[in-house]
Amino acid sequence: MDVTTNIQQAAAAAVKDHYGVEIDPQILQVQETRKDFEGDFTLVVFPLAKYRLGAPHIVGEALGKLLVERLDFISSYNVIKGFLNLSLTDAFWVNFLSTSHQNPAFLQNTEGKGQSIVVEFCSPNTNKPLHLGHLRNIVLGNSLSHILEANGFEVHPVCLYNDRGTAICKSMYAWQLAGKNDSPASTGKKGDLFVGDYYVAFSDMLKKQKAELMAQGMDEKAAEKAAECSQAINEMLIQWEAGDPGIRALWKQMNDYVYEAHANTFKRLGVTFEKFYYESEEYEKGKDAVLKGLEEGLFYRKEDNSVWVDLEEAKLDQKLLLRSNGTSIYITQDLGVADQKHADFNMQKSVYVVGSEQDYHFKVLFELLKKMEKPYSDGLFHLSYGLVELPDGRMKSREGTVVETDDLIEEVRETVAKVTGESEKIDGLSDEELTVLLDQLALGAIKFFLIKVDPRKGMIFNPEESVQLQGHTGPYVQYAHARTRSLIQKAADNELPAFQAGAQLEEPLHTSERELLLKLFGYKHALAEAARNYNPAEIANYVYELAQSYSSFFANCRVIQQDKPHTSSFRLALSTFTGVVMKASLKLLGIEAPEKM
RNA sequence: GGUCCCAUAGCUCAAUUGGAUAGAGCAACUGCCUUCUAAGCAGUAGGUUCCAGGUUCGAGUCCUGGUGGGAUCACCA
């Protein structure tokens, strides 16, 4: 049994024996003792107030005394107001380390066993490169997938490509007009950039044509519709729908350029998807589901033949599901894709990592799926994240303020190279190893930066300052990990006794050793909470605190000491284990843990 | 206008989901590399947690009402 529940139950039993009152052990929360107070775990006594057992500090005293008597792993206690601080024996911690440090099960939770869960993320358009906003999405989705997996879930990461519609037609049209014979190969541009440039070219064209029409007195909306290039796009869309071979071939060509480029970026980021869905293949699939719902009386048809659903009960509006001409809209497609996922993976839960601007959309979608009584409708979750903004506002592709993924990685990599170049620690590395290291550190910095913030919140990205290598950063954690590895190297030169259960140390545990052990002890809880809340930021903060505790330990406690072999081997095991937990935690964030840096 | 989200140190963010004296990093200042990696450690300084009420043993966290910022409300996706 877990110590904290052990303490809870023992405390509840003590209350019963001492006061004759039966209480629910759950109300007695046990938490890590705050720094500045003596102790390891704290039992909060205040909730007992409603049983009128006496002043909280007196109740705390009584319980503390009983707990020390009854639980052999508690060495002492102190009470401050209604907080009962308990110190555990050194033997307990030595035992904790010996049972955990080589136990693979320590890194794995089992809550999700037997449950299948689909995580959809990234979901890009095919008309431009991936930018910082996508990157936050990808990094969050990827990390969430790892976290769920570590909690025992059977995870299926998928990506839905928005590969059809007006956006890609714009690039196609601009290419027809201007480029014709150009390709990524002929221009030496990465495919997504290549297609994106034509998209921008189209925007400029439209802007110009609109301005001309508005100068003739047309209002903005009408001008947008009437512009020659808008008309051409509509025509192209109709041809695409009709399956025009020329248009389809061009469409496929443009998309393929982008897929190849994106695949490259994914690879560089270390992200994999189990399956890609394509809007062009899925967008008609929701129709049948809607028609079936119509038959069952869940939806209704208006005179003009459009199909609607009434969601006013859920405080949402009347929503359109099928156009009057019978075609699908965005939400219809999502209904279809949801069923397709279920057919593919038979999931109980389904997570969508999508920006917060679509909160309303997902409320509607989830309400609809519930109404249709889908088997997975209880397990739906929208991991909604805020915008990434620049110090002077939103990124705008037209103004050239978009921070592109590949550029960003390159830029950070250069900074890392500079710092690394000044260090002698990497002397033994080959050029190839150095390249790998720089990538690991640059990506570590970027990913950590994007994950550490609560996803719900918008965040500000300052190109000059944001991605640092010191302090609350990925490289800080990576550095702490590298230190654990370097210690092991050093220790190999010394002959230390093997660390084992019941080892007698030459000196009592240092405060920073206790803090570190307490942090390690908290790993399972952090892992479980991150999954329960679908929040990778909790892992980022956990591993940062772990690295802090280790760095402090490293500065305060000498590990290898000739005259104290048992303390040495204990500390070495502690370091090794910390390294293992840090590496596993970083892995959950999609970050590599280098051996040397 | 309706709905939803956000507001914490100069800046970027935390706060174990209602618990102790609100904590980290950056920036500033002070110390520490001739035994394990200084991308580090230890310290100083920095706060009316947007405002006003309420709930209770206890509020940054919950409720009500404001203020400010963002998003959204298409037969777009």
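In what follows, chains carry the letters A, B, and so on, assigned in the order in which the sequence lines appear, proteins first and then strands, with residues in each chain numbered from 1.
Glycosidic conformation, B:U17: syn, with the torsion inside 90° of 0. B:C33 has its base syn relative to the sugar, with a glycosidic angle deviating from 0 by at most 90°.
A distance of about 47 Å separates the P atoms of B:G66 and B:C29, rounded to the whole Å.
Distances from the side chain of A:Arg558 to the nucleotides B:C73, B:G19, B:C36 place B:C36 closest. Taking only side-chain atoms of A:Gln470, from C-beta outward, the nucleotide of B:U21, B:U72, B:C26 with the closest atom is B:C26. Checking B:C4, B:G19, B:A39 against the side-chain heavy atoms of A:Lys363 singles out B:C4 as nearest. Comparing B:C75, B:U72, B:U37 by their closest approach to the side chain of A:Arg483 singles out B:U37. Listed candidates were B:A39, B:G19, B:C73. Nearest to the side chain of A:Leu441 is B:A39.
Aromatic pair A:Tyr352/A:Phe362: ring centres closer than 6.0 Å.
You cannot call A:Phe46 stacked on the base of B:G58; the centres under 5.5 Å and planes under 30° rule is not satisfied.
A:Asp2 and A:His525 are not linked by any side-chain donor-acceptor pair at a separation below 3.5 angstrom, with hydrogens and angles left out of the test. Side-chain polar atoms of A:Asp40 and A:Thr33 form no donor-acceptor pair below 3.5 angstrom. When only modelled atom types and interatomic distance are considered, A:Glu235 and A:Tyr173 share no side-chain donor-acceptor pair under 3.5 Å. Side-chain contact check for A:Tyr330 and A:Asn162: no donor-acceptor pair (N or O, by modelled atom type) lies under 3.5 Å.
For the pair A:Ile560 and A:Leu469, nearest-nucleotide mapping onto RNA chain B gives the more 5' position to A:Ile560. Comparing A:Ala547 and A:Tyr479, the nucleotide of RNA chain B nearest to each residue sits closer to the 5' end for A:Tyr479.
Using a 4.0 Å heavy-atom cutoff across all strands shown, A:Gln548 reaches sugar-phosphate atoms only and no base atom. As judged by a 4.0 angstrom heavy-atom cut-off over every strand, A:Ser324 is placed among the base-contacting residues. Among the atoms of the strands shown, base atoms are found under 4.0 Å from some heavy atom of A:Phe554. If you check every strand for non-hydrogen atoms under 4.0 Å, A:Thr42 touches a base. Using a 4.0 Å heavy-atom criterion, one finds that A:Ser306 contacts the bases of the nucleic acid, with or without backbone contacts as well. Counting any heavy atom pair closer than 4.0 Å across all strands shown, A:Ile329 reaches sugar-phosphate atoms only and no base atom. Within 4.0 Å (heavy atoms only), A:Thr420 reaches at least one base atom of the nucleic acid.
In summary, A:Lys302 and A:Asp304 do not engage in a salt bridge, as defined by a charged side-chain N under 4.0 Å from a carboxylate O.
Under a cutoff of 6.0 Å and an axis angle of 45°, A:Arg164 and A:Tyr283 form a cation-pi pair.
Consecutive Watson-Crick or G-U pairing (both distances under 3.5 Å) extending over three or more pairs maps onto RNA chain B as B:1-7 with B:67-73, B:10-13 with B:23-26, B:28-32 with B:40-44, B:50-54 with B:62-66.
Residue A:Gln468 places no side-chain atom within donor-acceptor reach of the base of B:G25, judged by atom type and a 3.5 Å distance cut-off alone.
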